[in-house]
Amino acid sequence: LRMDAQQMVFRTHCQAEREKRDLAIFNEYNELMSVESQSVTGVTEHLMKKYGIHSQSTIYVIRKRVEERLKREEEAV
């Protein structure tokens, strides 16, 4: 449950867990990619194995989804 000045946002337990996992993937990806000469494919494959994800495009979609959510939250403040 997140309270904004204008509205209340209700999340199911599953949604909250997914957002938590997605944020962890986003943060770990960015941390690993901050290393000079890091392999995008290597980082993506590491995250896929760690989080049980079977598609590279899923990692990409998760990163973009979190990026958009953080951008929206930043604009709301």
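Here, residue 1 is the first one in the sequence, and each next residue gets the next number.
Sorted by first and then second residue, the pairs that involve residues 60-69 and meet side chain to side chain donor-acceptor pair (under 3.5 Å), not counting sequence neighbours, are D22-R65. Pairs of residues two or more places apart, or lying in two chains, never qualify as salt bridge (charged side-chain N to carboxylate O under 4.0 Å, His left out) while including a residue from residues 29-45.
By the side chain to side chain contact (heavy atoms under 4.5 Å, CB included) test, S39 pairs with T41, sequence neighbours left out. Remark: S34 engages no residue in a side chain to side chain contact (heavy atoms under 4.5 Å, CB included) (not counting sequence neighbours).
Around the CD atom of E75, the shell of radius 6.0 Å holds more than 12 heavy atoms that belong to other residues, nucleotides or ligands.
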Which pairs of donor and acceptor atoms, one on a side chain in residues 46-55, lie under 3.5 Å apart (sequence neighbours left out)?
residue, atom, partner, partner atom, Å
H46, NE2, E28, OE2, 3.0
K50, NZ, E28, OE1, 2.9
K50, NZ, E28, OE2, 3.4
Y51, OH, E28, OE1, 3.2
S55, OG, S57, N, 3.2
S55, OG, S57, OG, 2.8

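Checking side-chain atoms of E19 against main-chain N and O of A16 turns up no donor-acceptor pair under 3.5 Å.
By the 4.5 Å heavy-atom criterion applied to side chains, V40 and Y29 are counted as neighbours. Between R21 and I62, the closest side-chain pair of non-hydrogen atoms falls below 4.5 Å.
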